[in-house]
2 protein chains.
Amino acid sequence: MSADPALRREIPDATVARLPEYLRTLSRLAEDGVLSVSSEELAAEVGVRSAQLRKDLSHLGSYGVRGVGYDVETLALEISRALGLTEDWPVAIVGMGNLGHALASYSGFVTKGFRIVGLYDDDPALADEKIVGVAIRPLAELTEHHAVDPIAIGVIATPAPAAQAVCDALVGAGISSILNFAPAVLSVPSGVDVRRVDLSTELQILAFHAQRKSLAAGDLRAAVAAP
Amino acid sequence: MSADPALRREIPDATVARLPEYLRTLSRLAEDGVLSVSSEELAAEVGVRSAQLRKDLSHLGSYGVRGVGYDVETLALEISRALGLTEDWPVAIVGMGNLGHALASYSGFVTKGFRIVGLYDDDPALADEKIVGVAIRPLAELTEHHAVDPIAIGVIATPAPAAQAVCDALVGAGISSILNFAPAVLSVPSGVDVRRVDLSTELQILAFHAQRKSLAAGDLRAAVAAP
DNA sequence: TCAACTTTGTGCATGGGTTCACAAACGTCT
DNA sequence: AGACGTTTGTGAACCCATGCACAAAGTTGA
């Protein structure tokens with residue numbers, strides 16, 4: 001009756017968002033031969049408060065040793081388990097422009113529980129080109145491919161106008177986890193997860209803060225120019 | 001004494017993060033010839049609650065008309081102003097691998113208040129290649145360049161091991177807004193803004209939810225396998 | 001074995017963010 | 001001009017997340 005808390009309880013979204021960072025740092029420490037870390041040390045590496053780190057980890061279970069800290073390897077394994085990275089997730093990328101190429105050859109894929117099984121683009125000029133050993137195929141072949149060799153996560157790297165149609169195709173094929181790099185809001189049925197990564201949103205947020213800094217630095221044009 | 005609230009008051013971070021989405025949707029509506037929207041309609045487009053949208057907009061000032069809604073063009077302009085997009089922000093990209101190339105040729109740059117003024121990479125094979133009219137130069141030239149033609153935002157698109165050194169170079173040159181695509185935590189002096197965009201973090205968050213869904217779907221292995 | 005020290009895990013308080021619900025404000029129609 | 005319907009802007013309640021502070025639990029050294 002006392003199963004793994006990671007699977008029984010709800011892990012808060014804010015915590016889930018930090019787990020990959022913890023895992024990355026732990027992996028680096030493991031490579032450096034570090035065997036054990038305290039919450040204080042690990043938190044400092046990651047850039048969070050130690051109390052936050054401990055509370056986050058407490059949602060996965062109790063893997064620390066009081067007076068000592070956490071075993072690096074054990075903790076990394078438990079976080080991997082919680083995130084579902086003990087198995088490999090098959091990923092397909094749709095849209096093989098500059099961004100799609102960059103994503104396909106991104107080393108972060110293979111190392112961490114993800115495996116590219118499909119690359120799609122309807123541009124005939126790209127047909128049969130191979131990246132990391134996978135051929136680029138027309139999107140129409142996706143459903144067929146998915147039936148033979150299931151895809152867990154679809155990545156959309158097309159221009160914005162094509163994104164919704166591609167999304168519909170992915171959902172239609174039965175894929176329910178989507179990572180969207182196109183600057184467009186996708187509408188999907190409930191049960192489908194969409195995460196968006198958008199360069200220009202991030203730039204705009206930076207611009208906002210940059211503006212605030214330059215105004216705070218004694219630039220009073222705004223106040224003077226106010227109507 | 002009643003200056004623009006966007007410049008006087010503090011706009012919550014959560015609101016700032018949503019403003020680019022509102023702006024993008026408003027721009028699309030404007031292109032489609034829509035003159036006016038209610039908070040209900042706009043919220044539906046963006047995928048948020050109307051109350052949230054109204055509260056967000058209220059932080060910028062009072063630009064709606066009761067009983068009618070918001071003028072699309074006016075609201076878009078006010079959001080642009082709040083975000084600081086009425087002026088162009090000069091951007092430099094460091095690291096011209098696949099990702100750097102993709103970012104440099106990304107159309108979202110020029111259209112929305114950003115302008116690429118520098119591309120840097122120490123790989124001699126890339127020297128003097130031009131993308132969107134800008135030559136790739138060694139990173140050592142950055143400080144000099146910045147002194148002549150200031151850079152507001154630095155984008156790091158290098159592999160993780162190089163990220164901190166590049167970051168130090170950017171900060172050393174006087175750049176205080178950084179967008180980091182490398183999977184590494186950067187340490188910077190206070191006053192410098194860093195935002196991180198990380199593919200593998202996003203994939204891992206998707207994997208977590210995908211795992212939850214597959215477990216919830218009647219797969220009881222976890223409960224049975226529990227010690 | 002026991003005391004002193006270290007570090008985890010967590011109850012509790014605090015703060016922000018989201019949602020609800022409604023009064024105030026506007027346009028419209030008679 | 002006045003009544004009616006619509007939509008904004010916002011006070012108030014709720015909810016989640018963060019940070020503090022400490023008891024519980026472990027190690028180390030005498």
message: Tell me the interatomic distance from L42(A), atom CG, to dT6(C), atom C1', rounded to whole angstroms.
response: 17 Å

message: Assuming nearest nucleotide by heavy-atom distance, tell me which of A14(A) and V68(A) is located more 5' along DNA chain D.
response: A14(A)

message: Just so I know, are the side chains of L179(B) and L199(A) near enough to count as touching, which here means a heavy-atom distance under 4.5 Å?
response: yes

field: Donor-acceptor pair present, R66(B) side chain and dT8(D) base, under 3.5 Å
entry: yes

task: Check the surroundings of atom CD in E73(B): do more than 12 heavy atoms from other residues, nucleotides or ligands lie under 6.0 Å from it?
output: no

- prompt: Atom CG of L60(A) and atom P of dT10(C): how far apart are they, to the nearest Å?
  reply: 12 Å

Closest heavy-atom pair and its distance - F114(A), D88(A): N-OD1, 4.4 Å

message: Does dG9(C) have its OP1 or OP2 closer than 4.0 Å to a side-chain nitrogen or oxygen of Y70(A)?
response: yes

query: Within this structure, what is the OH-to-P distance between Y63(A) and dG9(C), rounded to whole angstrom?
result: 11 Å

task: Write down the distance between CG (L53(A)) and P (dC20(D)), rounded to a whole number of angstrom.
output: 15 Å

Protein-nucleotide distance (H59(A), atom NE2; dG11(C), atom P), rounded to Å: 11 Å

Q164(A) side chain to S187(A) backbone, donor-acceptor under 3.5 Å: yes

Whole-Å gap separating P (dT18(D)) and CG (L57(A)): 13 Å

query: For dT7(C), does either OP1 or OP2 sit under 4.0 Å from a side-chain N or O belonging to S38(A)?
result: no

Nearest listed nucleotide, side chain of S58(B), among dA21(D), dT18(D), dT10(D): dT10(D)

message: Taking the nucleotide of DNA chain D with the nearest heavy atom to each, does D56(A) or G67(A) sit closer to the 5' end?
response: D56(A)

query: Does a distance-only test, which skips hydrogens and angles, find a donor-acceptor pair under 3.5 Å between the side chain of K55(A) and the base of dT10(C)?
result: no

Between P of dT18(D) and CZ of R49(A), the distance in whole Å: 12 Å

query: If we ignore angles and hydrogens, is there a donor and acceptor under 3.5 Å between the side chains of Q52(B) and D56(B)?
result: no

- request: Could you check whether R54(A) gets within reach of a base, just the sugar-phosphate, or nothing at all, counting any heavy atom under 4.0 Å?
  value: base

query: Are any of S39(A)'s side-chain N or O atoms less than 4.0 Å away from OP1 or OP2 of dT8(C)?
result: yes

- prompt: Whole Å only: how far is the CD atom of E40(B) from the P atom of dT6(D)?
  reply: 13 Å

